There are 2 protein chains.
Amino acid sequence: MTEIDGGPATAPRKRADARRNEQTLLEAAAAAFVASGIDAPVRDIATRAGVGVATIYRHFPTRADLVVAVYRHQVEACAEAGPALLAEHDSPYAALTRWIDLFVDFLVTKHGLAEALRSNAAEFATLHAYFLDRLVPVCAEILAAAGRDGEIRTDIRALELMRGVGSLCVGANQSPDYDARRLVALLLAGLRLNPSDTAPTLA
Amino acid sequence: MTEIDGGPATAPRKRADARRNEQTLLEAAAAAFVASGIDAPVRDIATRAGVGVATIYRHFPTRADLVVAVYRHQVEACAEAGPALLAEHDSPYAALTRWIDLFVDFLVTKHGLAEALRSNAAEFATLHAYFLDRLVPVCAEILAAAGRDGEIRTDIRALELMRGVGSLCVGANQSPDYDARRLVALLLAGLRLNPSDTAPTLA
DNA sequence: AACGATACGGAACAAGGTTCCGCTTAGCAA
DNA sequence: TTGCTAAGCGGAACCTTGTTCCGTATCGTT
């Protein structure tokens with residue numbers, strides 16, 4: 001996203017210290033997110049990075065911008081895994097379960113991310129725009145393939161499914177006896193047209 | 001919960017103004033919850049009730065205590081509906097879907113309640129203790145009946161299912177294109193051992 | 001070396017939760 | 001009826017966290 005240089009008369013390339021700070025902030029934020037979830041206090045992140053709070057707002061106007069920047073690589077990896085999984089599995093449904101696995105892994109290891117993704121608060125508009133725009137089409141492609149093969153019902157949209165999965169992942173780390181994966185598996189089982197094809201056990 | 005009088009040497013019966021205030025607070029809180037969700041600012045509730053903030057804390061030490069008190073009646077009604085539904089439906093699975101419907105209705109009409117129920121934050125311990133202690137056994141009974149009849153898989157516990165449903169209901173009112181009920185239906189479909197028995201359409 | 005634009009830090013402000021403390025008043029007894 | 005005491009009350013004060021503002025420092029260029 002940040003242009004290295006490139007196009008004709010794009011952004012005039014930021015000052016060196018600004019670029020340095022942005023990088024430092026990303027690392028500090030990543031650390032803070034691991035320690036306290038994505039709701040880590042702005043001051044904490046600023047302190048970790050050794051900058052003032054205003055610097056954070058200057059680089060990342062909303063928390064969502066920061067979150068997006070921190071997790072962009074992982075979202076990208078998840079998105080790219082979709083076509084790959086489709087290619088390497090004969091059954092699109094198998095690819096779907098594997099891909100959803102990746103998505104769940106991503107969500108549950110980032111404390112608070114599922115919650116933010118679920119929320120519709122204006123602050124997270126950026127986060128929605130990026131995460132969903134990037135991942136929904138991937139999910140839709142897998143769903144469509146499975147639908148064509150008659151493996152699953154076709155009356156569910158990708159966004160809807162991902163919202164559901166995201167909701168189930170909220171709070172995954174809050175209780176030892178809440179296993180988001182089992183419930184997601186149940187949800188996916190609900191998609192099947194002929195469930196006797198698959199093992200009926202829940203993980 | 002508040003003893004009218006009763007037992008031998010129990011709580012020494014609060015002062016009249018205290019009892020009056022408690023009632024006023026419950027009404028004010030109910031109104032505030034409808035207007036702003038269960039996260040309504042303490043000051044708002046206090047203003048509505050015409051009391052100071054400390055009075056709220058005195059009667060309801062945590063927000064969860066207040067929430068529980070406000071919704072106790074409705075939780076009770078939901079709990080009592082369980083056995084009734086089982087009795088009036090031949091298929092326990094049908095009773096299950098109806099009962100879950102009631103539960104979902106309850107959650108989605110109380111902004112923020114599902115979220116609180118899902119959360120494991122220490123503050124909501126009281127809320128968990130009451131809501132879940134009261135409703136989980138009811139759900140368990142219906143699940144067991146459906147399991148005995150071979151309608152659903154038996155490897156899912158009531159608490160687990162209710163957590164899942166609760167999670168799906170979080171954010172039900174946040175997006176016009178998020179329909180918690182459809183997803184809950186999908187989750188319940190995932191429970192079925194022989195889904196071809198039921199209509200495969202999602203509401 | 002100097003200058004203008006960019007970026008910075010931290011104080012200041014806002015909003016919400018929680019606690020503290022001096023005052024009020026219900027309930028009881030003389 | 002009048003006093004007394006403890007339960008109860010109100011709201012100011014305090015803490016935490018997000019957000020903005022502004023005087024100052026620094027970069028990059030001339």
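Letters A, B, ... are given to chains in the order of the sequence lines, protein chains preceding strands, and every chain is numbered from 1. This one's a predicted model, so the numbers in the text were calculated from it and none came from an experiment.
Residues meeting the ring-ring contact (aromatic ring centres under 6.0 Å, His included) test with A:Tyr71, sequence neighbours left out: A:Phe106. For B:Asn21, there are no side-chain hydrogen bond (donor to acceptor under 3.5 Å, both in side chains) partners two or more places apart in sequence or in a different chain. Shown here are the side-chain hydrogen bond (donor to acceptor under 3.5 Å, both in side chains) partners of A:Glu141, two or more places apart in sequence or in another chain: there are none. The side chain to side chain contact (heavy atoms under 4.5 Å, CB included) check on A:Asp177 picks up A:Ser175, B:Leu159, B:Arg163, with sequence neighbours excluded. Applying the side-chain hydrogen bond (donor to acceptor under 3.5 Å, both in side chains) rule to B:Asp105 yields the partners B:Arg181; only residues at least two apart in sequence or on another chain are considered. By the side chain to side chain contact (heavy atoms under 4.5 Å, CB included) test, B:Asp101 pairs with no residue at all, sequence neighbours left out. By the side chain to side chain contact (heavy atoms under 4.5 Å, CB included) test, A:Ala87 pairs with no residue at all, sequence neighbours left out.
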Pick out the pairs of N or O atoms, protein on one side and nucleotides 26-30 of chain D on the other, that lie under 3.5 Å.
residue: D:dT26; atom: O2; partner: A:Arg15; partner atom: NH1; Å: 3.0
residue: D:dT26; atom: O2; partner: A:Arg15; partner atom: NH2; Å: 3.3
residue: D:dC27; atom: O4'; partner: A:Arg15; partner atom: NE; Å: 3.4
residue: D:dG28; atom: OP1; partner: A:Ala16; partner atom: N; Å: 3.0

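For residues 26-34 of chain A, proximity to DNA chain C is found at no residue, defined as any non-hydrogen atom under 4.0 angstrom from a strand atom. Within residues 38-60 of chain B, the residues approached by DNA chain C to less than 4.0 Å at the level of any non-hydrogen atom are B:Pro41, B:Val42, B:Arg43, B:Val53, B:Ala54, B:Tyr57, in residue-number order.
Distance CG (B:Asn21) to P (C:dT24): 17 Å, rounded to an integer number of Å.
Sorted by first and then second residue, the pairs that involve residues 75-87 of chain B and meet salt bridge (charged side-chain N to carboxylate O under 4.0 Å, His left out), not counting sequence neighbours, are B:Glu76-B:Arg134.
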Atom pairs and distances, side-chain donor-acceptor, residues 41-60 of chain A, under 3.5 Å, sequence neighbours left out:
residue: A:Thr47; atom: OG1; partner: A:Arg43; partner atom: O; Å: 2.8
residue: A:His59; atom: ND1; partner: A:Glu22; partner atom: OE1; Å: 3.4

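For the pair A:Arg72 and A:Tyr130, the cation-pi criterion (under 6.0 Å, within 45° of the ring axis) is fulfilled.
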